[in-house]
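First comes the structure, then the notes that go with it.
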Amino acid sequence: MNILFASSEAHPLIKTGGLADVAGSLPHAIRNLRHDIRVVIPAYQSVLKQTEKFTLVAHLELEGVKQPVRILAGRLPGSAVTLYLVDSPEHFDRPGNPYTMKQGSEWPDNAERFTTFCRAIEALALDSAGLDWQPDIVHCNDWQTALVAPLLERHDSRPATVFTIHNLAYQGLYDWKVFKTLELPADFWGTKAMEFHNQFSFIKGGLVFADWITTVSPTYAREIQTSEYGCGLEGLISHRTDKLTGILNGVDYSVWDPARDPHIPVQYNARSLPHKLQNKQTLQEHFALPVDDTTPVFAVISRLVEQKGIDLVLDIVPELVKQQAQLVILGSGDAALEAAISDAVTAYPKHVAAHIGYDEALSHHIEAGADIFLMPSRFEPCGLNQIYSQRYGTVPIVRHTGGLADTVTDTTDETLEANTATGFSFNKATYTALNATVTRALGYYRQPAIWQQLVCTGMKQDFSWKRSAQRYLELYQTVLEQRAVKATARPLILQSLL
Ligand code: ADP
């Protein structure tokens, strides 16, 4: 199969969250299964700075886009996957974050930027960019690429479309005035298309028009059909339930494996766990916390947003202090949460330490050095750090939701007996529930034999891409067959009408 994988970010070139990890690793896994998958992302300034080996392969004049757009071609670093960059300097050649300005608010022209990106993907998908390559499947991800599905829907000889929801809370909503400036077909506005409560919703493009919808865990696929998690789109999603599949994200163990991780001071595996302790010491030193093997170190690595339940973590800080624990936080985002974290560091300098910012290498060191990883998310489409944590022998405490529910097995007498326990989970997003779970986890932490069992069971789990990549391929095949049936069914219906 020929597959075009469209994403607004891809590790290691540009990353703000889990989408980048997926876009940087799933295509590689699919290529290893011998399919021609190519990735397309915008040519952000920081991406162009890192990559010299790109060649100009096309100049495109796109409908509704003032300046011509260039397509550059190269390779996704560390793989043989072809990478296309959509080079539209007025939209992407600017410093900083792909979606937001320095002070955290959205780039004011985001709707125009990602419409341009989608128009370029449309041209690649229809082989009208002159590359002599047409995908059978276009796989779009999140709102930034969701418009590709309705844009392609207007063409008879289009590839099939798959749309993956990595996070339903980000929808790309803009008002009528903005919609008018995008020069999209007029019928894109309308409740059967992308209009949503009087706004233009990019994500609806994928939800309404893609041939198939996927999301990144089976539990999240069920949850988004309910009012609690559906963000107002639960009706539409339930309506498409027969074309909705949850496929758990895999992780790239060539990047996230303590046995060969270049970012951590001492590499280790399940047979050399004392080496993990050395990473704990260097982590405590790095954060100027008292160095002590027996002190339990809790960790958070996260975008600092309400979704992630960081407020709940801050609520339990006094309890962690009482229990003689340490807490290390790496994250950036919401200014109020950043300030609250700094306050906690000031109040408890011997127990709480933080790095406000984004630091890939430090995130690996924290995974290696911590004992317990906290992820009390209010919702979590898949979540990756609870999976990385297991491989690093850092026992996760998670809220039982979305991908967290699908990847962490709570510790009980039964799961310990069966040797399946990998962490701790709780249901209600409350201080009381998190606090009780932390206390429960610390009870086991103080029983070294049981703790070692938890650590080792976690380290043995296999969440590599192989199985999930295979599932995507099966899905692509189903979607292609379904489109072929549709194409042959039409003339038959006509015949019977005649
Ligand atoms: P989301 O996509 O909602 O942010 P995921 O758990 O799916 O959450 O993926 C988050 C990814 O981003 C992980 O690879 C995590 O290590 C990384 N990450 C988040 N915040 C930071 C940070 N401040 N520094 C380094 N890596 C981070």
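Just so you know, these numbers use all the heavy atoms, side chains as well, and skip hydrogens, waters and symmetry mates. Read the numbers this way: they start at 1 and go in the same order the structure lists the ligands and their atoms.
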Practice item. Specify the protein heavy atom at minimum distance from atom 4 (O) of ligand 1: its residue, its atom name, and the distance to 0.1 Å. Key: R303 NE, 2.7 Å
Exercise for review: Take every heavy atom of C382, measure it against each atom of ligand 1, and state whether any distance is under 4.0 Å.
Suggested key: no
**Study point:** NZ/NE/NH1/NH2 to OD/OE distance under 4.0 Å, D261 and R391
**Key:** no
**Study point:** Closest non-hydrogen atom pair between P42 and S7, with its separation
**Key:** CD-O, 3.7 Å
Point to revise | Proximal atoms of ligand 1 relative to Y388 (non-hydrogen, under 4.0 Å) | key: 14 (O)
Review point. Going by heavy atoms, is G357 under 4.0 Å from ligand 1?
Key: yes
Between side-chain atoms of residues 346-354 and protein atoms elsewhere (two or more places apart, or another chain), which donor-acceptor pairs fall under 3.5 Å?
residue: T346; atom: OG1; partner: S342; partner atom: O; Å: 2.8
residue: H351; atom: ND1; partner: A325; partner atom: O; Å: 2.8

Practice item. Keeping the roles fixed (side chain from T401, backbone from F379), state whether a donor-acceptor pair exists under 3.5 Å. Key: no
Review point. Parallel, tilted or perpendicular: which fits the ring planes of Y472 and H139, with parallel below 30° and perpendicular above 60°?
Key: tilted
Revision key, fill the gap. In terms of its nearest heavy atom to atom 8 (O) of ligand 1, the top option of K15, E380, Q307, K308 is K308
Practice item. Go through ligand 1 atom by atom and flag the ones less than 4.0 Å from a non-hydrogen atom of L330. Key: 22 (C), 23 (N), 24 (N), 25 (C)
**Study point:** Residue part near ligand 1, for S302, under 4.0 Å between non-hydrogen atoms
**Key:** backbone
Check your understanding: For atom 7 (O) of ligand 1, which protein heavy atom lies nearest, and how many Å away is it?
Key -> G18 CA, 3.5 Å
Check your understanding: Can you tell me if I301 has a non-hydrogen atom under 4.0 Å from ligand 1?
Key -> yes
Exercise for review: Could you check which of Y358, F379, W256 puts a non-hydrogen atom nearest to atom 27 (C) of ligand 1?
Suggested key: Y358
Practice item. Please work out which of the three classes, parallel, tilted or perpendicular, describes the rings of F117 and F92, given edges at 30° and 60°. Key: perpendicular
Exercise for review: Could you check atom 15 (C) of ligand 1 against the protein and tell me its nearest heavy-atom contact, residue, atom and distance included?
Suggested key: N385 OD1, 3.0 Å
Check your understanding: Side chains of H91 and E112: donor-acceptor distance under 3.5 Å anywhere?
Key -> yes
Exercise for review: May I ask you to identify the nearest protein heavy atom to atom 24 (N) of ligand 1, giving residue, atom name and distance to one decimal place in Å?
Suggested key: D359 N, 3.0 Å
Practice item. Could you list the residues that satisfy ring pair (Phe, Tyr, Trp, His ring centres under 6.0 Å) with W465, not counting sequence neighbours? Key: none
Review point. Could K243 and D211 be called an ion pair, given the rule that one side-chain N must be under 4.0 Å from one carboxylate O?
Key: no
Revision key, fill the gap. Heavy-atom proximity to atom 14 (O) of ligand 1 ranks first, among D21, L19, L384, V216, for D21
